[in-house]
Number of protein chains: 2
Amino acid sequence: MERIVRKYRGKGFKLTPQRIAILKFLEGNTNHPTADDIYTEIKKKYPTVSFATVYNTVQALRDRGELLEITIDPERKHFDPNPSAHHHIMCTGCGKIGDVFFDYSESLGLPEEVTREFAVTGNHIDFYGICSSCRAKTS
Amino acid sequence: MERIVRKYRGKGFKLTPQRIAILKFLEGNTNHPTADDIYTEIKKKYPTVSFATVYNTVQALRDRGELLEITIDPERKHFDPNPSAHHHIMCTGCGKIGDVFFDYSESLGLPEEVTREFAVTGNHIDFYGICSSCRAKTS
DNA sequence: TACTATAATAGAATTATTCCAAGATAGTAA
DNA sequence: TTACTATCTTGGAATAATTCTATTATAGTA
Ligand SMILES: [Mn+2]
Ligand SMILES: [Mn+2]
Ligand SMILES: [Zn+2]
Ligand SMILES: [Zn+2]
C-alpha cells in the first residue's frame, strides 16, 4: 500500500479510500477482472461505492498507461493492471483469461498491401483454447 | 443472388427477402459492418425490418460458420462475411478496419507454462495503426 | 394448395457503460 | 492547522448494444 501511495502521489491523481481499495485489488491481479468484478470486491469494504467510481478509476488508470482494456471477450471488457505488452488466451469453455508473455513482434511483419495503407503502431494476439479444468469436465 | 440461393437452399435456413438483402449486403463486403450498419442498409429497401432480424440472421450465419464476430473495436461488434482465418488492423484515428491475409500460425508457438494449462485451438491478431487518410489529416 | 416449422416484427427487457448534478474530500498552500 | 478548490464520489438517470417475447407472417415442402 505504501508502494501505491508512492507511485501515485503528486501526479494529479487523488488517492481516495475507494481508489486505494481498487488499486490494491488490481495490484498483481492476473485474473483480468471485469468492471463488475471490481465493483463486487470493493463493495465488500465500501458498500456505497458506485459503478461510476469504478469506471472513472479504470479510465483514469488507462489514460495514465497503468492499465489495459482487454477485448478478447465479446461479452464485456476485462481490465489488466499489467500494462506491459503481452497477449492473452481465453478458454472457450469457461471464459478464463490467461497471460501470454512472449514478444512475437519480430514474426508479425505485415503484407505490403497493408503497410501501404496503414502505419502500424501495435499488435495484440488473442489465443483461444480449452483450460485444464474444462478439459477435465468433458473428458 | 443465384449463388446465394444455391448456397443456403435445403439447409434449414429459410431464405426470406430480408435475409437475402442481408446476404447480398454482406457478400464480398470487406468493411466489417456493425449491426447498425447492416440495419441501416437493409432498412432502405425494407423499411420495417427490425434489429431482431439483423441479429437473428448474423447469429444464424455465425452458427453455420459463414460469418465471424470481430472484437477489435472495444465499442461494438463488427461482422465479417469472410469466415476464413485472417487477421485485422484498425485505425486508431477513424476506426476503419482492414484485413490482414497472412497465416502467422507457424510463428505463434506458445510458452510451455501456457500450453500446460490451455489446449490451444486458435488465434487472432489485432493490429493497430493509422490509415492513410488519417495521416493526411494530421500531417 | 395446405401445413408447419421457422422467421419477421414491434416493443419491452436486459446489460454494459456513460453522464449528471449535488454534496464530499484529498492535497496544497498560507 | 486551516482554508481553499480542484477533483472525486455517489445515486440515479441516460445511452447504447444486444437479447427476449408474444404475435403474426411466410418459405419450403408434401
Ligand atoms: Mn494480461
Ligand atoms: Mn476481415
Ligand atoms: Zn475453462
Ligand atoms: Zn483512419
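On a predicted model such as this, the values are computed, not experimentally measured, just so you know. A, B, ... follow the sequence lines: proteins, then strands. Residue 1 opens every chain.
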Ring centroid separation F102(A) to H87(A) under 6.0 Å: no
query: Which part of the nucleic acid, if any, lies within reach of P74(B) when heavy atoms closer than 4.0 Å are counted: base, sugar-phosphate only, or nothing?
result: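 Counting heavy atoms under 4.0 Å across all strands, no contact is made by P74(B).
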Looking at [options], which one has an atom nearest to any side-chain atom of [X]?
X      : options                   : value
Q18(A) : dT9(D), dT17(C), dT9(C)   : dT9(D)
A35(A) : dT17(C), dT10(D), dA27(D) : dT17(C)
R19(A) : dT9(C), dA7(C), dC8(D)    : dC8(D)
K77(A) : dT10(D), dT9(C), dT17(C)  : dT17(C)
R76(A) : dA27(D), dT9(D), dT15(C)  : dT15(C)
Q59(B) : dT19(D), dA7(C), dT17(C)  : dT19(D)
N56(A) : dT9(D), dT9(C), dG27(C)   : dT9(D)
A52(B) : dT10(D), dG28(D), dT9(C)  : dT9(C)

- prompt: For DNA chain D, whose closest nucleotide is more 5', that of T34(B) or that of T57(A)?
  reply: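 That would be T57(A).
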message: Could you tell me how far apart I20(B) (CD1) and dA8(C) (P) are, to the nearest whole angstrom?
response: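 Taking CD1 of I20(B) and P of dA8(C), I get 10 Å after rounding.
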message: Please report the distance, rounded to the nearest Å, between CG in D73(A) and C1' in dA16(C).
response: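 In whole Å, dA16(C) C1' lies 12 Å from D73(A) CG.
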Closest heavy-atom pair and its distance - L26(B), P81(B): O-CG, 3.0 Å
- request: Might you point out which heavy atoms bring G12(A) and R64(A) nearest each other, and give the distance in Å?
  value: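 Answer, listing the atom of G12(A) first, then R64(A): O-NH2, 3.8 Å.
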query: Looking only at side chains, do D37(B) and H32(B) share a donor and an acceptor under 3.5 Å apart?
result: no
field: Check: I125(B) and L108(A) side chains under 4.5 Å, non-hydrogen atoms
entry: yes
message: If you assign each of P47(B) and K14(B) to its closest nucleotide in DNA chain C, which residue comes earlier from the 5' end?
response: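 Nearer the 5' end of the strand: K14(B).
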Does OP1 or OP2 of [N] have a side-chain N or O of [X] closer than 4.0 Å?
X      : N       : value
T48(A) : dT10(D) : yes
T16(A) : dT9(D)  : yes
Y55(A) : dT17(C) : yes

